[in-house]
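Naming convention: chains lettered A, B, ... in sequence-line order (proteins, then strands); numbering from 1 in each chain. Any value given below was found using the heavy atoms of this structure, including those in side chains, with hydrogens, waters and symmetry copies removed.
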Amino acid sequence: MSSFVLITFVGWKKSLSIGVMDINYNELERRWSAKWEEKGLYKVTEDTTRPKYYVLDMFPYPSGAGLHVGHPLGYVASDIVSRYKRLKGFNVLHPMGFDAFGLPAEQYAIETGTHPAITTARNIDYYREQLKKIGFCYDWYREVQTSDPAFYKWTQWIFMQLFNSWYDFRLNKAADITTLVDLLQSEGSASLVAAGTCEALFSAADWQAMDVAAQQNFLMQFRLAYLDHAEVWWCEALGTVLANDEVKDGVSERGGHPVERIRMRQWFLRITEYADRLLEGLNHLDWTDSMKEMQRNWIGRSEGASISFALKDSTASIEVFTTRPDTIFGATFMVLAPEHELVADITTDEQRAAVDTYLQYVKTRSERDRQAEVKTVTGQFTGAYAVHPFTGKDIPVYIAEYVLAGYGTGAIMAVPSNDDRDRAFAEKFSLPIIEVVDQSAYPQAAREDKIGVMAHSDFLNGMEVKDAIAAAIDHIESKGIGKRKINFRLRDAGFSRQRYWGEPFPVVYREDIPYLLSEDALPLELPDVEAYKPGGQAKSPLAALHDWVNLPDGSTRETDTMPGYAGSSWYFLRYMDPKNPNRFVGEAAEKYWRSVDLYVGGTEHAVGHLLYSRMWQKFLFDRGWVSEEEPFKKLVNQGMIQGVSAVVSRVKLHGIALSRINVEIFLSKNVSDDYKKGEISDLELLDLIDQMEPITGPGNREFVGELELNLTEGIHLPIQFLNGDIFDYSSYVKSVNSIFHALFVPDSDGIFRVDLVVEKMSKRYGNVVNPDDVIDQYGADCFRMYEMFLGPIDASKPWDTKGITGVSGFLRKLWRLMVDDAGQLKVEDTPPAAGDLKILHRCILKVEDDVERLSFNTAVSAFMIAVNGLTESGCRSKAVMEPLLIILAPFAPFITEELWSMLGHTESVHRAAWPKGDPALLVESSFNYPVSINGKVRTNVEFPLDMPKADMEQATLALDVVLKWTEGKAPKKVIIVPGRIINIVI
RNA sequence: GCCGAGGUGGUGAAAUGGUAGACACGCCGGAUUCAAAAUCCGGUCGGGCUUACACCCGGUGUGGGUUCGAGUCCCACCCUCGGUACCA
């Protein structure tokens, strides 16, 4: 597929007819865009006379494919809210920028040698141009780019503050590391040990006697940005470290080379210190429950106990964390994570070879594979035994991939009676199972549910699980073998990448000890490199720059760079004061804008970005640099717009020569299905191909015996040539370059059909729809409204351009409501008819309610209903048209501005005030009640709304239809809900 | 596997526990037109019955339950999508 070129989107474009009364959207939109820009209509300042409102979009990563129709879904929604709030009198901050560091630009650089800065700048220009066409009210003066040194200077600065801070247990917040040094200086580590934050006990004198390296190593255990070791995917063949995304099925996605986990020293952020506050803070946020739930589960707070198991014939012990200390008598073996530090020590000589083999296997396994694997249990006995702390029995120690080094202590006491994976493991390795919880009273209960009565458990026997947990912990504590503990699933965040295109660390090493640069050395700019492909073992390309790495004073620079989420963890603050050279955000601006009132973005960021941002904000808050502890008050997730792909099968021939080389043979759906089912034989298929283009070469058919047909499924064809499921292959072949030869084998009716598959919109699938093309044909207003009309903002759905004609028709209808065929304004300064006022006010109230609820699709239909109604009634009243234009302006900013100015206004419609809807105009005096018999609607009857229930009941029972059903008998019950329904039960 | 979301006509969807399918697309029929585009009018969940008006039965992924009444609430299951710690 490498030889075909993607061509611009023209397939569904029809010629646009512009009649006398047609609106030239493109001209109109260009004209108003220019005027707004000239007047600075969307420029925002800190205006203390008006209440502020901060509406933020998750900024995009500018990929080479440009914006597709899925991106603007959330942007249109937030733009509508921004404009609506402005009409409501708020001073609205609505900025946009670019998340500009990232892997794709670097990968492109490796392939082509183009500097990522060049690709990125180009992509950003294209994105910005596309965004501007859609008519967003962004204040472009405030644009930020995370790869801009003026921006990442402050990313580096915040990293330095994290490095220079520790989490002060006394204040329960971050504090300057010097306060820790003062503490150690004056009293040693006693209070730290008491607080459980470190184990080494030493005095003030001991501290003072330590050398620099020892002191720094100690402080490293407390810094919020710190060095530790972690594993990365290493691919020897490619010579690079790979992202999880780049590893598929245990091999590199590019090239299919072997990969393995290797351990490296890297930077981390101590987000776990914030686990409790990140959890608690959720309670005060206006986010969806599902989003909060995902964060809660990610943080994963669990209460239990840590217990120490002594090893037989050894001084070492294994510490485990368990949420089920009550089941300790059911612990019949132990399992260590394969990476556990004790593994090498405790493995016996007889088991060493087997353990090593198993460790090799685990190195090729991703964490996800390890957790997802439930069908086949794997593990290996180490030869070592632990001593059960209560029974004194020997229990074997295994290693197994299902135990992860990063969770808890990296070791478990396995209780096969009450844990599914332990159970499966015990069964596979024939280990004893002791049923310690009698759940016979709870037939519905699962093995892992915390209900039942304890059995075979010595002093716990007869207790309910809940009580047994408490009793077991008490006992464990009194025996001194463990203690009550709260554990979090959340792990500290890896902050190093062995990559080029990221923020350099403002760090140098002397004697292997990291030191920060001075603040005036910031920004530490990313230097140019010769090659983007890493040279040395798992090092970033920066490591090859010897002059840059090795400083004259003998120190060396950190060569890793920061991850993608570094810049995105605080960019929302920079928008408040984007050009400030002296501070990451100026104090006055920060105190005015404070935090984001509405944040719109995809669920894919539910835990990553949203958790890191919250941590950074809390840290900056602790240190007194910002005034709010949470960055995003309200959060809304937009759904994903998927593409519809054209998927076919491709066949390759071996052992036969075609008239041309490099021919791709595609099979139409029915042909391919029949072939797969065996209803078409190899020979028949070959015949079909032969009909398309004669197979030449030595003896053709005689070669059939050696012929090999290779079917590849799931090949994507570009959707531009698609009409329904029919693929116009002759146009497609004409459109691509001459090197590409393709043979299309159609169905028996001569038509080539594809499988339609709904999936992520992506360049690689050839299913991308570009908003530019939609706007060229229908205009930005139409595009915006159609995106909203597609469905609820948070729902995912496939894009289909066909339906857009409905919205297009609506905009024309709106235009014709106010402008006649000759282009003359029809609107008159006459008093509005009562019916028209009712239509208008119903619309105002509905749209207002819908925008507040972010239900934009129903707001669009409310506009359609209003315009249909006003068209039907022949309304011409200015008093109706003007408010209608104002409420529609957030959705369709261009056409409303044009009509508004035609009505004689010199000030922009976007500076108008939202009209007040009057509910009194909508009050009805009667209601047409549905009458249902046993819940099924049988007829309708109209009653005044103030009619007494008894009268309604009497009148309803006398209806012919009702009499037919009741057969004259008295009903069992009559339910009357005023203004709703009448239900008769017989 | 685990966590989260979703499943309603041919399609996108609507519906504070109260007339399922608003608003649109598509399709069918008609008006207008030399013709087309555009526009306008009517029809459009399935089945039964009827010359017709009407009427009846079934219907919101599957199976149960709560309720006068369930797309909506509860239980179990199936399928699709997002995340799963280095894609962004």
Side-chain angles (χ1 to χ4, degrees), chain A residues 14-15 17 19 21-22 58 60-61 63 99 101-104 107 230 232-233 241-247 288-291 293-294 296-298 300 366-375 402 406 420-421 444 489-494 496-499 563-565 568 602-609 611 637 639-640 642 758-760 786 789-792 794-800 802-807 809-810 812-813 816 855 857-858 860-865 868 928-932 934-940 961 971-975 977 979-985:
Chain A
K14 291 169 237 159
S15 63
S17 78
M21 48 160 282
D22 276 315
M58 286 183 186
Y61 173 81
S63 82
D99 187 14
F101 276 131
L103 268 185
Q107 189 52 42
V232 295
W233 282 117
V241 167
L242 298 177
N244 289 334
D245 219 42
E246 300 174 294
V247 177
T288 58
D289 289 338
S290 58
M291 192 63 40
E293 196 59 20
M294 272 191 267
R296 281 193 195 106
N297 291 334
W298 188 260
S366 72
E367 275 195 15
R368 198 182 309 170
D369 290 342
R370 287 169 56 174
Q371 290 172 89
E373 188 64 83
V374 285
K375 293 197 189 92
Y402 78 91
D420 288 332
R421 284 175 309 182
Q444 307 290 325
R489 200 183 76 99
L490 182 70
R491 304 199 296 251
D492 280 345
S496 288
R497 300 292 181 268
Q498 295 69 38
R499 294 284 175 176
Y565 67 82
S568 62
T603 30
E604 65 271 26
H605 299 289
V607 282
H609 161 62
L611 207 57
N637 295 114
M640 187 173 286
Q642 290 133 329
V758 173
E759 58 193 347
K760 200 159 111 180
Y786 184 55
F789 189 59
L790 276 177
D794 55 353
S796 291
K797 53 244 154 189
W799 175 269
D800 180 6
K802 278 203 209 97
I804 202 171
T805 52
V807 174
F810 160 76
R812 286 165 185 276
K813 217 162 170 177
R816 282 199 315 277
S855 175
N857 56 327
T858 51
V860 174
S861 41
F863 283 121
M864 289 174 169
I865 290 166
N868 286 346
N928 190 23
Y929 284 90
V931 178
S932 60
N934 289 340
K936 286 268 171 220
V937 176
R938 299 300 174 186
T939 188
N940 286 69
V961 177
K972 276 191 197 146
K973 199 170 175 183
V974 177
I975 293 121
V977 186
R980 284 262 175 237
I981 201 168
I982 299 168
N983 190 21
I984 297 162
V985 186

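- Picking from B/rG26, B/rC40, B/rG1 the nucleotide with the shortest atom distance to the side chain of A/Lys813 gives B/rC40.
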* Assign a letter to each nucleotide of nucleotides 72-88 of chain B from its 5' end: B, base within under 4.0 Å of a protein heavy atom; S, sugar-phosphate only; -, no contact. => ----------BSBBBBB
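- Here the P atom of nucleotide B/rG1 and the CD atom of A/Glu373 are 11 Å apart, to the nearest Å.
- Residue A/Arg938 has no polar side-chain atom (N or O) positioned under 4.0 Å from OP1 or OP2 of B/rG69.
- Looking only at distances, a side-chain donor or acceptor of A/Lys797 sits under 3.5 Å from a matching main-chain atom of A/Pro792.
- Listed nucleotides: B/rU39, B/rU19, B/rA13. Nearest to the side chain of A/Arg812: B/rU39.
- Put simply, A/Asn857 has a side-chain N or O that comes within less than 4.0 Å of OP1 or OP2 on B/rA14.
- Nearest to the side chain of A/Val977, among B/rA24, B/rG1, B/rG18, sits B/rG18.
- Rounding to whole angstrom units, NZ of residue A/Lys797 and C1' of B/rG6 are separated by 12 Å.
- With hydrogens and angles ignored, no donor-acceptor pair under 3.5 angstrom links the side chain of A/Arg980 to the base of B/rU19.
- Rounded to a whole Å, the CG atom of A/Asn934 is 13 Å from the C1' atom of B/rU67.
- In this structure, the CZ atom of A/Phe863 is 17 Å from the C1' atom of B/rA22, given to the nearest Å.
- The distance between atom CG of A/Leu790 and atom C1' of B/rG12, rounded to the nearest whole Å, is 7 Å.
- A/Ile865 places its CD1 atom 13 Å from the P atom of B/rA14, with the value rounded to the nearest Å.
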